[in-house]
Amino acid sequence: MALLTVENLHVSYGGVTAVRGLSLSVNEGEVVSILGPNGAGKSSTLAVIAGGVAPRAGRVTYAGQDITGGRAEEIARSGISLVPEGRHVFATLTVEENLAVGTYMHKGKADIAGVLERFPRLKERRDFPAGRLSGGEQQMLVIARAMLAKPKLMLVDEPSLGLAPLIIDQVYDILLDLRRQGMSLLIVEQSTSRILKHADRIYVLRGGAVQLEDTAANLRDGEAIKRAYFGFDEGAA
Ligand SMILES: Nc1ncnc2c1ncn2[C@@H]1O[C@H](COP(=O)(O)OP(=O)(O)OP(=O)(O)O)[C@@H](O)[C@H]1O
Ligand SMILES: [Mg+2]
């Protein structure tokens, strides 16, 4: 059953059209990935789902409810967490304080200690300023912060950007562990090889529209993805 459905989404910023007629779905328990070059509309799509940006047209349905244009806090409370691009942490606050900031909207229900149990490295460093963590640790911290809301669906924007391969593996270990515990994931990526290994289904976006969608199994050799990603003409070059 579809947990999330996005239908015919259009997003514009002033005169700039970022998304034109995009549709996608995430089923319960699935890991779905959005791939695509810079400016394809990947982050804009996640922003609309999470309530950070109002779409010009289209519909977002989550667990049977129309959440299009809903407020970010309400959408978060209904079970969708966004891990935004860029690993924004409060550099001068400690790891634990960063998590505490993430709990303000859960009215004290958030379980910081419980979340830290899943992240031994963060637990060890709970009193460190977040600005002194490595890139990988900061990525773990923003994922941990998103988990405080106990989401059913996590939207993760480019978790591997700028990280070393070994660290990317650690980040994916965490994401796959969440999946094993029943979470559904929509992951924006630029690294095709990781996602081919870990996603159930893949959408390739370019120019704000879906160019290709299929199961990861069908796309395994990466050729169709490359063509969709770069456009058919350039793909032949
Ligand atoms: N706040 C904004 N104001 C104006 N234009 C924007 C804004 N955010 C995004 N855009 C434009 O919308 C288009 C899609 O941007 P978006 O960030 O969704 O792409 P993306 O696929 O996430 O790219 P990247 O891989 O670089 O993160 C781009 O042309 C971008 O310049
Ligand atoms: Mg982006």
Side-chain angles (χ1 to χ4, degrees), residues 4-26 31-60 67-72 75-76 80-89 135-136 138-139 141-143 145-146 153-165 167-168 171-172 175 185-196 198-199 201-214 216 219 222 224-232 234-235:
L4 176 81
T5 317
V6 176
E7 293 164 277
N8 197 23
L9 186 69
H10 291 259
V11 181
S12 306
Y13 304 97
V16 180
T17 299
V19 177
R20 39 189 109 223
L22 174 143
S23 297
L24 61 78
S25 65
V26 179
V31 176
V32 173
S33 183
I34 301 176
L35 294 171
N38 290 330
K42 306 180 299 294
S43 298
S44 298
T45 300
L46 296 193
V48 168
I49 298 167
V53 168
R56 189 157 61 74
R59 182 161 55 181
V60 182
I67 60 163
T68 319
R71 287 174 48 233
I75 290 173
I80 300 179
S81 272
L82 172 65
V83 180
E85 198 173 355
R87 307 196 261 281
H88 295 293
V89 297
Q138 289 180 353
Q139 185 64 53
L141 179 54
V142 292
I143 293 171
R145 193 162 64 195
L153 172 65
M154 200 182 270
L155 315 173
V156 193
D157 201 347
E158 303 215 28
S160 49
L161 196 69
L163 299 180
I167 309 299
I168 299 176
V171 170
Y172 269 90
L175 294 175
L185 293 157
L186 180 57
I187 306 176
V188 164
E189 263 298 0
Q190 300 225 11
S191 148
T192 307
S193 57
R194 281 283 177 334
I195 226 55
L196 275 170
H198 299 310
R201 286 188 305 115
I202 291 174
Y203 294 86
V204 181
L205 237 67
R206 184 163 43 82
V210 173
Q211 306 292 330
L212 175 69
E213 68 173 283
D214 208 335
L219 298 172
I225 292 180
K226 212 185 293 172
R227 286 199 302 274
Y229 203 106
F230 295 110
F232 289 96
E234 294 158 69

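Every number for a ligand or one of its atoms is a count from 1 in the order of the listing. Just so it is clear, the structure is predicted and the values come from calculations on it, not from any experiment.
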Among residues at least two apart in sequence or on other chains, which ones pass salt bridge (Lys or Arg N to Asp or Glu O under 4.0 Å) with R201? E30
Is a donor on one side and an acceptor on the other found under 3.5 Å between the side chain of Y203 and the backbone of S25? yes
Can you produce the list of protein nitrogen or oxygen atoms under 3.5 Å from a nitrogen or oxygen of ligand 1, alongside each distance?
unit_1   : atom_1 : unit_2 : atom_2 : d
ligand 1 : 18 (O) : S44    : N      : 2.9
ligand 1 : 18 (O) : S44    : OG     : 2.5
ligand 1 : 19 (O) : G41    : N      : 3.2
ligand 1 : 21 (O) : A40    : N      : 3.1
ligand 1 : 21 (O) : G41    : N      : 3.0
ligand 1 : 21 (O) : K42    : N      : 2.9
ligand 1 : 21 (O) : K42    : NZ     : 2.8
ligand 1 : 22 (O) : S43    : N      : 2.8
ligand 1 : 22 (O) : S43    : OG     : 2.8
ligand 1 : 23 (O) : G39    : N      : 2.8
ligand 1 : 25 (O) : N38    : OD1    : 3.1
ligand 1 : 25 (O) : K42    : NZ     : 2.7
ligand 1 : 25 (O) : E158   : OE2    : 3.3
ligand 1 : 25 (O) : Q190   : NE2    : 3.0
ligand 1 : 26 (O) : N38    : OD1    : 3.3
ligand 1 : 27 (O) : E85    : OE2    : 2.7

Residues passing the side-chain hydrogen bond (donor to acceptor under 3.5 Å, both in side chains) test with E189, sequence neighbours excluded, are S160, Y172
Checking side-chain contact (heavy atoms from CB on, under 4.5 Å) for the pair D214/I202: CA distance, chi angles, key distance, verdict? CA-CA 6 Å; D214 208 335; I202 291 174; over 6 Å; no
Run the side-chain donor-acceptor check on residues 35-53: report pairs under 3.5 Å with partners two or more places apart or on a different chain.
unit_1 : atom_1 : unit_2 : atom_2 : d
N38    : OD1    : Q190   : NE2    : 3.0
K42    : NZ     : G36    : O      : 2.9
K42    : NZ     : P37    : O      : 2.8
S43    : OG     : E85    : OE1    : 2.6
S43    : OG     : D157   : OD2    : 2.6
S44    : OG     : Y13    : OH     : 2.7
T45    : OG1    : G41    : O      : 2.8

If you look at E85, which of its N/O/S atoms is nearest to the Mg ion (ligand 2)? OE1
So, does S81 use its side chain to make a donor-acceptor pair with the main chain of A146 at under 3.5 Å? yes
Any chance CZ of R56 has more than 12 other-residue heavy atoms, nucleotides or ligands included, within less than 6.0 Å? yes
Contact flag S43/the Mg ion (ligand 2), N/O/S atoms, threshold under 2.8 Å: yes
